[in-house]
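Values reported hereafter were calculated over all heavy atoms of this structure, with side chains retained and with hydrogens, waters and symmetry mates removed. Please read all numbers here as calculations on a predicted model, not as lab measurements. Proteins come first, then strands; the chains are lettered A, B, ... in the order of their sequence lines, and each starts at number 1.
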There are 2 protein chains.
Amino acid sequence: MSVRDLHSRKVICDSSEPQTLSEQVFNELKDAIISGELDQGSKITEDGLAKQYGISRGPLREAIRRLEAIRLLVRIPRAGMRVVTLTSEIMEEIYTVREALEGMSARLAATKMSDKDIESLSSLLDKHQNSIDKSQGTKYFQREGNLDFHYRIAKASNNQWLIDLLSSELYQLLRMCRQRSGQTPARPSKAIQEHRLIVEAIRERDAELAELLMRRHISGAWKIVKNLLNEEQNAKNLEEQA
Amino acid sequence: MSVRDLHSRKVICDSSEPQTLSEQVFNELKDAIISGELDQGSKITEDGLAKQYGISRGPLREAIRRLEAIRLLVRIPRAGMRVVTLTSEIMEEIYTVREALEGMSARLAATKMSDKDIESLSSLLDKHQNSIDKSQGTKYFQREGNLDFHYRIAKASNNQWLIDLLSSELYQLLRMCRQRSGQTPARPSKAIQEHRLIVEAIRERDAELAELLMRRHISGAWKIVKNLLNEEQNAKNLEEQA
DNA sequence: ATTTGTTAAATTGTCAACAAACGAGTTTTA
DNA sequence: TAAAACTCGTTTGTTGACAATTTAACAAAT
């Protein structure tokens, strides 16, 4: 992993040094869930986690409440807790919300983004294009590059709510989606082409168009993911029949 | 009933009996903050609250983490906690996010809402219109009616994420905005007229139009609120000069 | 054999005490 | 007199123990 990747990862996941045990275990648990280390839908107990992470239940419970708030855990009072299960329906919901919020981000970015940042974003795309052309781009890099692009747009909206919702809540689950089925942007060069169109619209300060293009970009991405999931499901069904 | 249903039930019907102390104090604190009982920006201490509500700090801290997650409290580790301060800038951010999410809700509702629910929604507007014509409508009623309309649209989207975001996170802060300056829909009859147009678009199954109208409705509402805030600010400034 | 009732183990909810970090006020020193 | 350092009190972070509730396991009865 390059230094640059590390940097962007840090920025996106805002995992600055945790100052408190609760925060620390929150981050560790979050990563464990997203990476699949903890299986989706698996039941977890407070005592088990407390022993595993070597802390008492107090801070752990606070971390759990936060994970609950960003929907990585599902809890039923006095009954138990499970890791969220990402069904196709939930993923569609997430992509729909993303479409609305990132569309709005692109609209705002078209008005507010500085000329300097637009150029920087444009050259970022050049780099991505390069790494794909030369086949240097690993799947991982493509994925991170994609997130980086979307994160910059969100940040340019200058709306802290949008930024937080997208980067701390939705992105975590999105990463989980991708982890789940090893998805990578289906047609990276096409994705970058779409990114370019969006940047062009922003450069022209055409808010309306920027929003439209971003929404199409995301709903298109969902269609591809949906097809992948269906194929996967079909494969599984066949397997069961055999 | 599925796990998901249980979760949404908890979020939506927060009038249901809280089963745990943490939940109970979460609700009480939430109401105290929204109603203005706790001043915006006021500093609060764990020990003080624990004594005030007669519970120990354990459950209280969990409630605090949840309030932090929905942005009613702002915390700085090892330094203290304050009630959020709703500046004009933050309110604009909230309205912007609302515009994106409720616009998407209206779009989805146009496709998914049942004929029966559309009729029900339409007759709800009749009732509101009636109560305004006869001047029976208190400000409170108008406000609740307004919320009811928006909530029904959100629910009709059938997207649990949209529903939760709008009704549990944004909605709380919106109530706080209104509480703050005793705002009431500036022109109730005009608001209802706009609501009618939205319902008509949904009835025609015109998703595009439904979204457009909802977004205009909300951005229009923000402009009115913004003007009210400015006038208020000017009045204060004059007062200080005198 | 299925269902119902009871009991025990496991798990969550709650509490009070302890430890660490921060801020304010006071003292000491240049 | 002013600045630096040091206490002391306050507030947050953490822990382990205790109480309440649920799950399950097992026995008994129809």
Are B:Arg71 and B:Glu93 ion-paired here, with the side-chain N under 4.0 Å from a carboxylate O? no
Using atom [atom1] of [X] as one end and atom [atom2] of [N] as the other, report the distance to the nearest whole Å.
X: A:Lys51; N: C:dT12; atom1: NZ; atom2: P; result: 12 Å
X: A:Asp47; N: D:dT22; atom1: CG; atom2: P; result: 19 Å
X: A:Met81; N: C:dA10; atom1: CE; atom2: P; result: 18 Å
X: A:Glu23; N: D:dG13; atom1: CD; atom2: C1'; result: 12 Å
X: A:Glu46; N: C:dA10; atom1: CD; atom2: C1'; result: 12 Å
X: B:Tyr53; N: C:dC15; atom1: OH; atom2: P; result: 15 Å
X: A:Leu60; N: D:dG13; atom1: CG; atom2: P; result: 16 Å
X: B:Glu68; N: D:dT12; atom1: CD; atom2: C1'; result: 13 Å

C:dT14 OP1/OP2 closer than 4.0 Å to side-chain N/O of B:Thr20: yes
Spacing of [atom1] belonging to [X] relative to [atom2] belonging to [Y], to within rounding of 0.5 Å:
X: B:Ser157; Y: B:Leu162; atom1: OG; atom2: CG; result: 4.5 Å
X: A:Met176; Y: A:Lys30; atom1: CE; atom2: NZ; result: 13.0 Å
X: B:Glu68; Y: B:Ile64; atom1: CD; atom2: CD1; result: 8.5 Å

Heavy-atom side-chain contact between A:Arg107 and A:Met104 under 4.5 Å: yes
Nearest to side-chain heavy atoms of B:Arg61, which nucleotide of D:dT14, C:dT14, C:dG13: D:dT14
Distances under 3.5 Å between nitrogen or oxygen atoms of protein and nucleotides 15-19 of chain D:
unit_1 : atom_1 : unit_2  : atom_2 : d
D:dT15 : OP2    : A:Ser56 : N      : 3.1
D:dT15 : OP2    : A:Ser56 : OG     : 2.9
D:dT15 : O5'    : A:Ser56 : OG     : 3.4

Partners of A:Phe149 by ring-ring contact (aromatic ring centres under 6.0 Å, His included), sequence neighbours excluded? A:His195
Above 12 or not: heavy atoms from other molecules or residues under 6.0 Å from CD of B:Glu119? yes
For a quick check of understanding: with a heavy-atom distance under 4.0 Å over all strands, which category does A:Ile44 fall into, base, sugar-phosphate or nothing? sugar-phosphate
